[in-house]
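For reference, the structure is listed below as structure tokens.
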Amino acid sequence: MGETLRLAAFGGVYSNHLALRAVLDDIAAVAPDVTWCLGDLGGFGPAPDRSAEILRASGVPMLRGNYDNSIGNDRDDCACGYADPRDNHFAQLSFEYTRALTGLAHKQWMQGLPEQHRLVAAGRRVLLCHGSPRRVNEFLWESTASDAFLEWLCRAHAADVVLCTHTGIPWHRELPSGRHVINVGAIGRPANDGRTEAAYAVVTLDGSVRVELRRVAYDHEALAREMERERLPAEFVETIRTGWWTTCLENLPARERRRGRH
Amino acid sequence: MHHYGVRIEPLRTTPDPAPVPAPTPAYPLQPLLHLDELWIQVAGTLCNLSCTHCFVSSGPGIDRHRLMSRAEVHSRVLEALPLGVKEFYFTGGEPFVHPELLEILEDTLAHGPCTVLTNGTLLTEARIRSLRRLSEGTRYSLEIRVSLDGASPAEHDRLRGPGAFARALDGLLRLERAGLLPIVTITRPVEHDPLAFHERALLMLRAAGLSRPRLKVIPMFLIGRERQRTRGYRGEESLRDLPAESFDPGRLQCSRCRAVTSQGVFVCPLLVDEPGGRMGDRLGDAVRPFELRHGACFTCWTTGMSCGNS
């Protein structure tokens, strides 16, 4: 009936306040009908309160990712879901830095955020989540999710279009049934392809579903310098400067790992 | 019912039910939350090595579980798809003794990601080229996992036979050169500290020439030949009387997997020869809960171990 909805969705801010500003500017230019942040405001980058202030001032609603849940509730770790000891070591450094520097008011705000959000547009049921519809910290990698699994996931959670983040690498698949699964990537950490930009998605729902995976440049060198001043791990700074992951690599499947340098 | 002060018992129309003893769930009942992983024991118990610790007691000429045919595997894959299976694992025995493994992988990669668990000793150049071609021809990941034991050649060969480490390492290096980025699965002897063992194993693999080692450490299970080599589970090594409030089904792999062999459907890839491990002929028979009675369930629970890649 001519109904159209344009939805912008980004996730994994990871305290990258410069990427967040750049993405919000890009979204303003795209002028979607609705914008959502799919969670994980902190971690990895510097000065977490800057990102919290920018996001809250923008009025963009946010889901409670695993990181926001752990920071908001003063948990002992990020519950990111890593299994490798080196990955967990670096995740813990980030987490303790972020937990110490996040203001109480922001923590309280995070506690109350929803874990998922649903909307209906052009007759399609859209589900916004952080990791996957069934688990906040599930890694939905493109190469390890069969069509059969994604169809089941959509059916079991009554969704025609699922948007998620958490892995940091964007992808989109239209399933044989016509359902769509979209991982919007992350804006705070590059997508392990040697490019330094932030990644997010704009989804247009009308008679069809069109997905644009956008990349937005920002002053990543300025962020790298700020991370150095904050004495964050050199491995993190290298990732921001080069676009290649240096940590939290061990749960990458072969196909995604092969695309990276480390 | 009371009538004029006299208690009148209602007329019994059915006999008293037989007295039912109060249920005493001694072992946790594990639900299958979802079939994420289908384990396919494609080579049965046939293997080119006779490792002294083999969890499934495999070796040359051992066909307690026979090879699964290409058609048999395909039929199991088709059975799993309506259940929403996420990924497939191929094991044995040694999968590369199967004459049609590459064709089976090609069939299965059309439906989902595949992982092959191998001892790494049968990886000819032609097979590695074929694996590379298969990995490039699919949207899904093809993972090759090579098993090592302990963090030194001597430890490995003690369990697997002289020269086995050198051959496995040669396979690993050639897989990496072909861009297949193998995962190295290392069993950790119980006496080693997990973190220190992990570091030692990585150092060993780098020193051996792997530039991007991917490592998965698994504990020893006291089943199969390992039971004869060392010992079996003791009575206290079980999940008997685990308090319900501390039981988290998601901690165990069997909440998300089933295994198939030529002998039927099993709860997990470890318990294919163990009492109670077989759950039926069809995957549909095996979606019911599983009672965690086995000592191996205790190992999975205490270590948080999963046979899966992550």
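Chain letters run A, B, ... following the sequence lines, proteins first, then strands; residues in each count from 1.
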Interface moiety of L202(B) toward chain A, non-hydrogen atoms closer than 4.5 Å: neither
F139(A) portion near chain B, given a 4.5 angstrom heavy-atom threshold: backbone
Closest non-hydrogen atom pair, A148(A) against V85(B): CB-O, 3.9 Å
Flag for H198(B)-D84(A): side-chain donor and acceptor within less than 3.5 Å: yes
Parallel, tilted or perpendicular: ring planes of H34(B) versus W152(A), cut at 30 and 60 degrees: parallel
Minimal non-hydrogen separation, L142(B) against A254(A), with atom names: O-CB, 3.9 Å
Side chain to side chain, F149(A) and L81(B), heavy atoms closer than 4.5 Å: no
Residue L252(A) versus chain B: region with a heavy atom under 4.5 Å: backbone
Per-residue contact mode, S211(B) against chain A (heavy atom under 4.5 angstrom): neither
Contacting region of E250(A) [heavy-atom separation from chain B under 4.5 Å]: side chain
Separation between CZ of R255(A) and CG of L180(B), rounded to the nearest 0.5 Å: 11.0 Å
D193(B) atom CG, over 12 foreign heavy atoms within 6.0 Å: yes
Chain B contact via R155(A) - which portion, at a heavy-atom distance below 4.5 Å: side chain
Segment of P82(B) engaging chain A (4.5 angstrom heavy-atom cut-off): backbone
Under 4.5 Å from any heavy atom of chain A - which part of T115(B): neither
Carboxylate-amine/guanidinium contact K86(B) E138(A), below 4.0 Å: yes
Interatomic distance, R86(A) atom CZ to E199(B) atom CD [nearest 0.5 angstrom]: 9.0 Å
Chain B contacts, top residue of R135(A), R134(A), H262(A), R258(A) (heavy-atom pairs, under 4.5 Å): R258(A)
Side chains of L249(A) and R214(B) in contact at under 4.5 Å (non-hydrogen atoms): no
Max heavy-atom pair count under 4.5 Å with chain A, selected residue of P113(B), G112(B), S141(B), A80(B): S141(B)
Spatial distance of atom CZ (R139(B)) from atom OG (S146(A)) [nearest 0.5 Å]: 9.5 Å
